[in-house]
Amino acid sequence: IDIVTDVDIAVELELSKILPRLIENSNFIGEETYSKDSSILNYYLSENYCWTVDPIDGTNNFAKSKERFAVMVALTKNKKIIQSFIYKPMSKEFMYADHSGTYFDEKKINIKKKISVENAIGSISTKYWDELKKEKIISVKDTFGQINSYGSIGCEYFDITLGRRDFALLSRLYPWDHIPGVYIVRQAGGHDCHFDKIEYKFYENSKNLIVSNSMNLNYDILNLIEEK
């Protein structure tokens with residue numbers, strides 16, 4: 001029995017019943033649901049509210065009984081993110097964001113950490129770059145203070161917001177992996193942009209994104225890549 005898949009499906013199924021009841025005529029997009037019907041991404045272009053869910057972000061960690069996995073949920077409407085939520089079941093930590101800011105344990109969070117590229121700690125996607133970008137990314141990796149991955153981007157977004165990490169440099173962008181965390185970082189005072197310096201376009205088939213604790217760090221990383 002594939003227990004991980006069973007749990008993924010069970011969590012998503014339960015949330016697909018609960019969340020749409022909260023807002024009449026709201027749509028639902030989940031990682032497991034998308035695997036059966038990719039056309040559901042068109043919900044982002046409708047006039048209705050839409051829930052986006054990653055039932056278990058960090059599946060491999062979950063399977064190995066490691067702490068770093070999370071449940072992620074976001075609410076969007078008219079190409080705008082309205083609310084987002086990240087819950088870490090093992091530690092029972094909860095973070096959410098809305099128009100007023102980002103909150104952790106009911107306390108408002110503001111990212112104040114400013115850091116240089118040379119001292120920055122973060123992650124860099126290892127796959128799905130085009131060849132030119134891949135060469136550039138590889139050539140700049142040693143410039144950063146430390147590169148490592150949690151195996152759960154939701155937990156990384158959590159720690160960028162809390163100042164424990166500084167950035168994530170991302171290639172492929174499935175919306176359930178990134179809408180909740182990007183918005184949480186953004187509303188706490190962090191910054192997100194594609195390589196054209198436009199903020200995350202979750203409603204498009206977009207790729208290549210930088211999320212960090214500040215616009216300055218994002219632009220410094222972009223400049224570093226462009227110089228290569």
Point to revise | side-chain contact (heavy atoms from CB on, under 4.5 Å) between Phe144 and Asp166, worked out | key: CA-CA 10 Å; Phe144 296 93; Asp166 304 303; over 6 Å; no
Step by step, work out the side-chain contact (heavy atoms from CB on, under 4.5 Å) result for Leu222 and Cys193. CA-CA 10 Å; Leu222 277 177; Cys193 67; 4.0 Å; yes
For Thr102 and Tyr183: C-alpha separation, side-chain torsions, deciding distance, then whether side-chain contact (heavy atoms from CB on, under 4.5 Å) applies. CA-CA 9 Å; Thr102 294; Tyr183 191 63; over 6 Å; no
Run the numbers on Phe195 and Ile221 for side-chain contact (heavy atoms from CB on, under 4.5 Å), then give the verdict. CA-CA 10 Å; Phe195 285 14; Ile221 293 172; over 6 Å; no
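Neither Ile121 nor Val211 shares a network with the other; the hydrophobic side chains, linked directly or stepwise wherever heavy atoms of I, L, V, M, F, W or Y lie under 4.5 Å apart, form separate groups for each. Tyr174 and Tyr157 fall within the same hydrophobic cluster, where Ile, Leu, Val, Met, Phe, Trp and Tyr residues are linked whenever their side-chain heavy atoms come under 4.5 Å apart, directly or through other members. With hydrophobic clusters built from ILVMFWY side chains whose heavy atoms lie under 4.5 angstrom apart, Val185 shares a cluster with Leu209. When hydrophobic clusters are built by joining Ile, Leu, Val, Met, Phe, Trp and Tyr residues whose side-chain heavy atoms come closer than 4.5 Å, directly or via intermediates, Met72 is not grouped with Phe62. With hydrophobic clusters built from ILVMFWY side chains whose heavy atoms lie under 4.5 angstrom apart, Val53 does not share a cluster with Ile18.
Pairing each heavy atom of Asn213 with each of Ile111, the nearest pair is CB-CG2, 3.5 Å. Between Met90 and Lys66, the shortest heavy-atom contact is CG-O, 4.4 Å. The shortest heavy-atom contact between Glu12 and Glu32 is OE1-N, 2.8 Å. Listed here is the closest heavy atom pair of Lys108 and Gly101: CE-CA, 4.0 Å. In plain terms, the two heavy atoms of Asp54 and Glu31 that are nearest each other are OD1-OE1, 3.0 Å. Taking every heavy atom of both residues into account, Tyr128 and Ser171 meet most closely at CB-OG, 3.6 Å.
With sequence neighbours excluded, no residue satisfies ring pair (Phe, Tyr, Trp, His ring centres under 6.0 Å) with Tyr43. With sequence neighbours excluded, the residues that form a ring pair (Phe, Tyr, Trp, His ring centres under 6.0 Å) with Phe104 are Phe158.
For the pair Phe69 and Thr59, the minimum side-chain heavy-atom distance is 4.5 Å or more. For the pair Pro175/Tyr200, a side-chain contact is recorded, criterion being any heavy-atom separation below 4.5 Å from C-beta on. Within the 4.5 Å cutoff, side-chain heavy atoms of Leu75 are placed close to those of Ile23. Counting heavy atoms from C-beta on, the side chains of Glu135 and Trp129 never come closer than 4.5 Å. Between Ile81 and Gln187, the closest side-chain pair of non-hydrogen atoms is not below 4.5 Å. When side chains are defined from C-beta on, Leu170 does not count as touching Asp177, because their heavy atoms never get closer than 4.5 Å. Put simply, the side chain of Thr52 reaches to within 4.5 Å of the side chain of Tyr44, judged on heavy atoms. Within the 4.5 Å cutoff, side-chain heavy atoms of Met95 are placed close to those of Leu162.
Interatomic distance, CZ of Arg68 versus OG of Ser149, reported as 9.5 Å (0.5 Å rounding). Leu173 contributes atom CG, which lies 7.5 Å from atom CG of Asn208 (distance to the nearest 0.5 angstrom). Residue Cys50 holds its SG atom at 3.5 Å from CD1 of Ile29, rounded to the nearest 0.5 Å. Distance check, rounded to the nearest 0.5 Å: NZ of Lys64 to CG of Asn60 gives 5.5 Å. Taking CD1 from Ile179 and CD1 from Ile184, the interatomic distance works out to 12.0 Å, rounded to the nearest 0.5 Å. Rounding to the nearest 0.5 Å gives a distance of 5.0 Å between OG of Ser214 and NZ of Lys114.
No more than 12 heavy atoms of other residues, nucleotides or ligands lie within 6.0 Å of NZ in Lys127, so this atom counts as exposed by the packing criterion. No more than 12 heavy atoms of other residues, nucleotides or ligands sit less than 6.0 Å from atom CD of Glu24. Annotation: Asp37, atom CG; neighbour count of heavy atoms from other residues, nucleotides and ligands within 6.0 Å is above 12. The local environment of NZ in Lys134 is sparse, with at most 12 non-hydrogen atoms from other residues, nucleotides or ligands closer than 6.0 Å. At most 12 non-hydrogen atoms from other residues, nucleotides or ligands lie less than 6.0 angstrom from CG of Asn205. Under a cut-off of 6.0 angstrom, the local environment of NZ in Lys197 is crowded, with over 12 non-hydrogen atoms contributed by other residues, nucleotides or ligands.
The backbone N or O of Ile82 sits nowhere less than 3.5 Å from a side-chain atom of His99 that would complete a donor-acceptor pair. A donor-acceptor contact shorter than 3.5 Å is absent between the side chain of Asp105 and the backbone of Lys107. A donor-acceptor pair is defined here as one N or O able to donate and one able to accept, closer than 3.5 Å; such a pair exists between the side chain of Lys113 and the backbone of Gly163. Side-chain N or O atoms of Ser212 include none that pairs as donor or acceptor with a backbone N or O of Leu217 at under 3.5 Å. Under a 3.5 Å cut-off, the side chain of Asp57 and the backbone N or O of Gly154 do form a donor-acceptor pair. His178 contributes no side-chain N or O that, together with a main-chain N or O of Phe202, makes up a donor-acceptor pair within less than 3.5 Å.
Aromatic ring pairs are classed by plane angle as parallel below 30°, tilted from 30° to 60° and perpendicular above 60°; the pair Tyr34 and Trp176 is tilted. Below 30°, between 30° and 60°, or above 60°: for Tyr103 and Tyr96 the angle between ring planes is below 30°, a parallel geometry.
Cation-pi geometry between Arg165 and Tyr150 is met: under 6.0 angstrom from the ring centre, within 45 degrees of the axis.
Note on residues 70-89: pairs passing side chain to side chain donor-acceptor pair (under 3.5 Å), not counting sequence neighbours, are Lys88-Glu93.
The only member of Val73, Thr33, Val11 that meets side chain to side chain contact (heavy atoms under 4.5 Å, CB included) when paired with Pro55 is Val11.
In this model, a donor atom of one side chain and an acceptor atom of the other lie less than 3.5 Å apart for Ser116 and Asn119.
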